K.L.:
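Below are the structure tokens for one structure; questions will follow.
Everything numeric here is computed off the predicted structure, so don't read it as measured data.
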Amino acid sequence: MALAAPNILGHPRLGLVFSKRNVRLAVERNRLKRLVRESIRLTQHDLPAVDIVVLARRGAGELDNETLHRQLHGMWRRLDRDVRKTNALNHESADSPRTGKAPE
RNA sequence: GGAGUUGGCCAGACAGUCGCCGCCGGAGCGAUCCGGGGGAGGAAAGUCCGGGCUCCACAGGGCAGAGUGCCAGGUAACGCCUGGGCGGCGCGAGCCGACGGAAAGUGCAGCAGAGAGUAGACCGCCUACGUCUCCUCCGGGAGGCCGGCAAGGGUGAAAGGGUGCGGUAAGAGCGCACCGCGCGCCUGGUAACAGUGCGUGGCAAGGUAAACCCCACUCGGAGCAAGACCAAAUAGGAACCCCAAGACGUGGCCCGCGUCGGGUUCGGGUAGGUCGCUCGAGAGCCGUGGUGACGCGGCUCCUAGAUGAAUGACUGUUCUCGACAAAACCCGGCUUAUCGGCCGACUCCCGCC
């Protein structure tokens, strides 16, 4: 799961929350963090300027690399789409919602 | 060929591209860039012991508390390791053992059973001694009382050495022989301990000490969030200098009384940062002493150091298709998890020559 909010840095920024409670083994936690970082690294230029916090749900450690990459890629696409949509709305209403939420 | 015991080792490999964290060299005022090289484990785990290191405490001794517990050796130290002893398991190679003390004291133990601890008498055996009754062929016999015994049966996880002979009323280490046991000596061994050794004791009072306890030995506390250094903003403090005028409160007002300033420097200290942080009881090879753990000497090598915490992703080739699992100050152990593979030594069984 990921949470996102616009920032003023001009580029995306990543936060990671992988609790011992949801991912028991240190090996799995490190692997997940590496995969998320790698995914962001490869797609950072296509992402809007938002702060993203990625959280692990219980059982995330059991997914293999290929599945995770696919899911992350899909998540970034939907995030980009949602941000574009809210920006368009903002231009119309000049109002700025603080949080855009990307689904899982 | 099969079954097994034991010691050690490995933990996918190679190439390319893009990344992450240190280090070295170069360029740049700098941000940073370029090049080179390094980057998780045998258990990094559990945090159960031991030590180094750091800070705190400390004249000496005792008590309390905790731990350890056959002997010798190894080690910085250990609850670890090696060798040995004893006991147990296994045909064997081997494996397992908190393995000091129960005649210092206290405590604890369901059921069964007469009795479970200064032992005991249900069944049973005996009637010698003392005494009573009856019978008598006058030798004695039968029965009772008072009693004796613990061999046999029975209970139990466990009932106060075992076997045999003597002995006796019946019995009993009551006596003897052998076996076992205790104690002393001798011999071997550094010792634990062992002995077909010599002598001695009739045998000496169950179990439990991971129950209290006794004996011997060991142990100060806290931990890298230890500890050291640099050091904003804000608030407060100290010293010196400046102004000694003004502001505020009290009051109708003045006097009076109370409170307050500005600057510089310094010290403590928070955020933040730096160090501690990896060259070490270090690794490899060779030699050497030792049964071994291990020690000594020589040569060579430098081998993670992060701080939200770094090893990955993708592609290709290949194999036996990859288990358990991530350093956080360091090291020595123990314990636990683990797909599979390789090497050495040994044991038992079967077959063939």
Side-chain angles (χ1 to χ4, degrees):
Chain A
M1 188 179 93
L3 303 173
N7 66 32
I8 55 167
L9 295 172
H11 57 83
R13 186 165 64 170
L14 180 65
L16 297 168
V17 178
F18 290 91
S19 70
K20 208 169 187 175
R21 181 181 154 82
N22 289 334
V23 186
R24 202 175 61 79
L25 293 177
V27 172
E28 292 301 325
R29 285 197 298 279
N30 283 345
R31 188 181 122 246
L32 292 171
K33 283 190 273 190
R34 280 196 298 263
L35 287 166
V36 174
R37 285 202 194 97
E38 176 72 8
S39 180
I40 287 281
R41 186 177 71 82
L42 293 170
T43 55
Q44 55 185 319
H45 301 296
D46 303 325
L47 288 171
V50 289
D51 286 340
I52 308 166
V53 176
V54 179
L55 303 105
R57 288 227 170 118
R58 195 183 297 246
E62 286 148 32
L63 300 172
D64 60 73
N65 289 359
E66 201 185 335
T67 313
L68 276 163
H69 264 292
R70 234 180 17 247
Q71 295 204 351
L72 287 168
H73 189 69
M75 216 154 76
W76 307 145
R77 261 208 341 262
R78 276 170 309 198
L79 175 67
D80 187 44
R81 190 194 60 205
D82 289 356
V83 169
R84 281 176 200 285
K85 200 182 290 175
T86 42
N87 281 348
L89 281 172
N90 289 349
H91 280 301
E92 290 173 15
S93 67
D95 194 14
S96 64
R98 292 298 303 162
T99 313
K101 184 159 182 285
E104 187 178 336

K.L.:
I need the A:L79 CG to A:L72 CG distance, nearest 0.5 Å.
P.N.:
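One gets 11.5 Å once the value is rounded to the nearest 0.5 Å.
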K.L.:
Please give the nucleotide sitting opposite B:C339 as a Watson-Crick or G-U wobble pair, both distances under 3.5 Å, or none.
P.N.:
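No nucleotide pairs with B:C339.
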K.L.:
Between P on B:A325 and CG on A:L32, what's the gap in Å once rounded to a whole number?
P.N.:
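One finds 16 Å between P of B:A325 and CG of A:L32, rounded.
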K.L.:
When rounded to the nearest Å, what value does the distance between C1' atoms of B:A306 and B:C20 take?
P.N.:
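Pairwise C1' distance, B:A306 against B:C20, rounds to 11 Å.
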K.L.:
Rounded to whole Å, please give me the gap between CG in A:L35 and C1' in B:A326.
P.N.:
15 Å
K.L.:
If you measure from the C1' atom in B:A192 to the same atom in B:C99, how many Å do you get, rounded?
P.N.:
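Per the computed distance, 11 Å lies between those C1' atoms.
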K.L.:
Quick check on B:G332: syn or anti? Syn means the glycosidic torsion is within 90 degrees of zero.
P.N.:
anti
K.L.:
Determine the Euclidean distance between corresponding P atoms of B:C339 and B:G12; express it in Å to zero decimal places.
P.N.:
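Rounded to whole Å, the distance is 14 Å.
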K.L.:
Take atom P in B:G130 and the same atom in B:A119, then report the distance between them in whole Å.
P.N.:
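Their P atoms lie roughly 32 Å apart.
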K.L.:
Would you classify B:G60 as syn or anti? Syn applies when the glycosidic angle is within 90° of 0.
P.N.:
anti
K.L.:
Work out how far the C1' atom of B:U336 is from that of B:C48, and round it to whole angstrom.
P.N.:
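Per the computed distance, 11 Å lies between those C1' atoms.
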K.L.:
Given the C1' atoms of B:G143 and B:C126, what is the spacing between them in whole Å?
P.N.:
15 Å
K.L.:
If B:G67 has a Watson-Crick or G-U wobble mate with both distances under 3.5 Å, name it; if not, just say none.
P.N.:
B:C217
K.L.:
Tell me which nucleotide, if any, is Watson-Crick or G-U wobble paired with B:C275 when both distances must be under 3.5 Å.
P.N.:
B:G227
K.L.:
Answer syn or anti for B:A40, where the cut-off is 90° from 0 on the glycosidic torsion.
P.N.:
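Syn conformation here, the glycosidic angle of B:A40 being no more than 90° from 0.
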K.L.:
Is B:G38 paired to anything, Watson-Crick or G-U wobble with both distances less than 3.5 Å, and if yes, which nucleotide?
P.N.:
B:C21
K.L.:
Sticking with atom C1', work out how far B:G269 lies from B:A232, rounded to a whole angstrom.
P.N.:
12 Å
K.L.:
Watson-Crick or G-U wobble partner for B:U5, using a 3.5 Å limit on both distances?
P.N.:
B:A345
K.L.:
Give the minimum heavy-atom separation between A:V54 and A:V36, together with the two atoms involved.
P.N.:
CG2-CG1, 4.0 Å
K.L.:
My understanding is that a pair needs two contacts under 3.5 Å, Watson-Crick or G-U wobble. By that rule, which nucleotide pairs with B:C174?
P.N.:
B:G166
K.L.:
Could you check B:U303 for me: syn (within 90° of 0) or anti?
P.N.:
syn
K.L.:
If I pick the C1' atom on B:C86 and the same atom on B:C352, what distance separates them, to the nearest angstrom?
P.N.:
46 Å
K.L.:
Hey, what do you get for NZ (A:K85) to CG (A:D80), rounding to the nearest 0.5 Å?
P.N.:
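Between A:K85 NZ and A:D80 CG, I get 11.5 Å after rounding to 0.5 Å.
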K.L.:
State whether A:R78 and A:D82 are salt-bridged, where the test is any N-O pair (Lys NZ or Arg NE/NH1/NH2 against Asp/Glu carboxylate O) under 4.0 Å.
P.N.:
no
K.L.:
Between B:C314 atom C1' and A:L72 atom CG, what is the distance in whole Å?
P.N.:
15 Å
K.L.:
Who is the Watson-Crick or G-U wobble partner of B:C243, with both distances under 3.5 Å?
P.N.:
none
K.L.:
Just label B:G139 as syn or anti from its O4'-C1'-N9-C4 or O4'-C1'-N1-C2 angle, using within 90° of 0 for syn.
P.N.:
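Syn.
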K.L.:
Which one is paired to B:C185, where only Watson-Crick or G-U wobble pairs with both distances under 3.5 angstrom count?
P.N.:
B:G197
